[in-house]
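First the structure, in the form of structure tokens, and then the observations on it.
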Amino acid sequence: ETSLAAAVVAEREKTEKKSSRHVADLEQRLQSAIAEKRELKELQAVAESRHLELTKSNESLQERCVSLEAKSQAASERQAKSEADKEEQKTQLVAAKTNYEAVGKLEKRLAEAEANYLNE
């Protein structure tokens, strides 16, 4: 009986050691899973924060694009007006030159008429 009891005790100790190792392994795996879940939550929080930052940055860039497009349109309109003003100035310059030449011819004719009148 002693050897049977010793064998039973030895088997029980062996089973308890296996159970203890198994429980320790399960506890270790549980702790690892908990740590991984915590890490994933932290990463998710960082990702959500970064997403908000990028969304705000994108909105800011879109506003700047709209502003730059409006400024570009205004600059194009000013340039077109400037070109039109230059053309108008050229037209007025040609008209002034033509008028100046006409006045010169009229003054010459007037001088000739006065000379003819005085000679008569």
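As a basis for the values below, the full set of heavy atoms in this structure was taken, side chains included, without hydrogen atoms, waters or symmetry mates. No experiment lies behind these values; they were computed from the predicted model shown.
- With respect to Lys41, the side chain to side chain contact (heavy atoms under 4.5 Å, CB included) criterion is satisfied by exactly one of Arg38, Lys37, Glu39: Lys37.
- Atom CG of Asp85 and atom CZ of Arg78 lie 13.0 Å apart (nearest 0.5 Å).
- Using a 4.0 Å cut-off between charged side-chain N and carboxylate O, Glu59 and Lys56 make no salt bridge.
- Proximity of Ile34 to Leu30: side-chain heavy atoms (C-beta onward) are separated by under 4.5 Å at one or more points.
- For the pair Leu40/Gln44, no side-chain contact is recorded, criterion being any heavy-atom separation below 4.5 Å from C-beta on.
- Atoms NZ and OG, from Lys81 and Ser76 in turn, are 15.0 Å apart once rounded to the nearest 0.5 Å.
- Atom CG of residue Leu93 and atom NZ of residue Lys90 lie 10.0 Å apart, to the nearest 0.5 angstrom.
- We find the CD-CG distance between Gln31 and Leu26 to be 12.0 Å, quoted to the nearest 0.5 Å.
- Within the 4.5 Å cutoff, side-chain heavy atoms of Arg109 are placed close to those of Leu106.
- Although no hydrogens or angles enter the test, the distance criterion places a donor-acceptor pair under 3.5 Å between the side chain of Thr91 and the main chain of Glu87.
- For the 3.5 Å distance criterion, the side chains of Gln73 and Glu77 qualify, holding a donor opposite an acceptor.
- The environment of Glu53 atom CD is dense: over 12 non-hydrogen atoms of other residues, nucleotides or ligands sit within 6.0 angstrom.
- Counting heavy atoms from C-beta outward, Val8 and Arg12 have side chains that approach closer than 4.5 Å.
- From Thr15, atom OG1 reaches atom CD of Glu11 across 4.5 Å, with rounding to the nearest 0.5 Å.
- Put simply, OH on Tyr100 and NZ on Lys97 are 11.5 Å apart, with the number rounded to the nearest 0.5 Å.
- Electrostatic pairing of Arg29 and Asp25 counts as a salt bridge here, judged by a charged N lying under 4.0 Å from a carboxylate O.
- A donor-acceptor pair shorter than 3.5 Å can be found between the side chains of Gln92 and Glu88.
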